[in-house]
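In what follows, a single structure is set out as structure tokens and then discussed.
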Amino acid sequence: MTTATPTIPAGTQDTTAAKTVAGRVRKRLTSRTATLVSIVIALLWTVPTFGLFISSFRPEDEIKTTGWWNFFGNPQFTLENYQEVLFGRSSSSGQLASYFINSLAITIPSVLFPLAFAALAAYALAWMNFRGRDWLYIAIFALQIVPLQMALVPLLKFFSTGVTVLGVQVLPAWDLVDEQKFAQVWFAHTCFALPFAVFLLHNFISQLPGDLMEAARVDGATHPKIFRTIVLPLITPALAAFGIFQFLWVWNDLLVALIFAGGGNETAPLTVRLAELAGTRGNEWQRLTAGAFVSIVVPLIVFLSLQRYFVRGLLAGSVKG
């Protein structure tokens, strides 16, 4: 008597194979060898930063004559470097404390604006049907490959002369001065960030359960209400992930802020001042070591406070289900 071999559905086979592959990958990544390699990479990544931190507390003579590892054989500790870069009376020595406000005034709006606009645009592209939606999404995706350096001159011309079409001025020049130039930096950073932000958030929003959206519409919820009460709470990981990226990018940016805000004391961010701390001959190392750690305090706080969302946001759109 012949025994029939049971047939396993194709979908079940694919799922089983995927689980098997995922199990093998997980086993390898959690092995002792993988753990040891991770520790070595972490040490190689951390040691230079630790050395910079030690140097920031060493006297000027020690920094310029010996390596940071000599601190353990001849420990000498001083806060003079931080006092000089934060509150130094000389215009060339530091005064970083006053530039913190400028960096915050530039960074916070430059993060919130693209987050707000991109979330609305991503929801519209994912759950609202209108003509040309797919082509619009492709165009936004393609904008990610355009280097921002190519847009600096046209954008600067837009701010200085406005927009003229066939001899008719459609938009006037901005003609901003002093602190008003912050608006130019916000506009520039928002434009540069929107393509990636829309792409990331669209991938996340488009994977939300369709049944959830349909149930909300049956209950009479409009698009604004669905976005506010259902979508926003669910896309928090993606918002946090992009917020971290954008905050670090804007906080560490020198080029865009220097071009559109200028290098004056009223609008220059922290990065502009850090570039000047090395001195005319680049030999003021003690200022740079202290200034570097002053500049990373705020980004470090932001990252540590949002790190639980970071990995989940990075995986947005990578898998379904």
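What you see below is based on every heavy atom in this structure, not just the backbone, and it leaves out hydrogens, waters and symmetry mates.
- Under the side-chain contact (heavy atoms from CB on, under 4.5 Å) criterion, I101 pairs with no residue, sequence neighbours left out.
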Under 3.5 Å, sequence neighbours excluded: what are the donor-acceptor pairs made by side chains of residues 47-58?
from : atom 1 : to  : atom 2 : distance (Å)
S55  : OG     : G51 : O      : 2.9
S56  : OG     : F53 : O      : 2.6
S56  : OG     : Y82 : OH     : 2.8
R58  : NH1    : T66 : O      : 3.4
R58  : NH1    : G67 : O      : 3.0
R58  : NH2    : E62 : OE1    : 3.2
R58  : NH2    : T66 : OG1    : 2.7

Contacts table for residues 103-114: side-chain donor-acceptor under 3.5 angstrom, sequence neighbours left out:
from : atom 1 : to   : atom 2 : distance (Å)
S103 : OG     : L270 : N      : 2.7
T107 : OG1    : S103 : O      : 2.7
S110 : OG     : I106 : O      : 2.6

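- Residue I138 shares its hydrophobic cluster (ILVMFWY side chains chained together at separations under 4.5 Å) with W135.
- More than 12 non-hydrogen atoms from other residues, nucleotides or ligands lie less than 6.0 angstrom from CH2 of W174.
- The hydrophobic cluster containing I39, built from Ile/Leu/Val/Met/Phe/Trp/Tyr side-chain heavy atoms closer than 4.5 Å, also comprises L43.
- N74 is linked by a side chain to side chain donor-acceptor pair (under 3.5 Å) to nothing, counting only residues two or more places apart in sequence or in another chain.
- Looking only at side-chain heavy atoms (C-beta outward), V298 and F247 come within less than 4.5 Å of each other.
- Applying the ring pair (Phe, Tyr, Trp, His ring centres under 6.0 Å) rule to F100 yields the partners W251; only residues at least two apart in sequence or on another chain are considered.
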Report, one line per pair, each donor and acceptor closer than 3.5 Å where one atom sits in a side chain of residues 216-235; sequence neighbours left out.
from : atom 1 : to   : atom 2 : distance (Å)
R217 : NH1    : E214 : OE2    : 3.2
H223 : ND1    : Y123 : OH     : 2.7
T229 : OG1    : K225 : O      : 2.6

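- Grouped with L254 in one hydrophobic cluster are L258, V272, the linkage being side-chain heavy-atom contacts under 4.5 Å among Ile, Leu, Val, Met, Phe, Trp and Tyr residues.
- The CG atom of L125 sits 5.5 Å away from the CG atom of L136 when rounded to the nearest 0.5 Å.
- Looking at residues two or more places apart in sequence or on another chain, you find a ring pair (Phe, Tyr, Trp, His ring centres under 6.0 Å) between F260 and F159.
- The local environment of CD in Q76 is crowded, with over 12 non-hydrogen atoms from other residues, nucleotides or ligands closer than 6.0 Å.
- By the side-chain contact (heavy atoms from CB on, under 4.5 Å) test, P147 pairs with Q149, M150, sequence neighbours left out.
- The hydrophobic side chain of V153 is isolated, with no ILVMFWY side chain under 4.5 Å apart from it.
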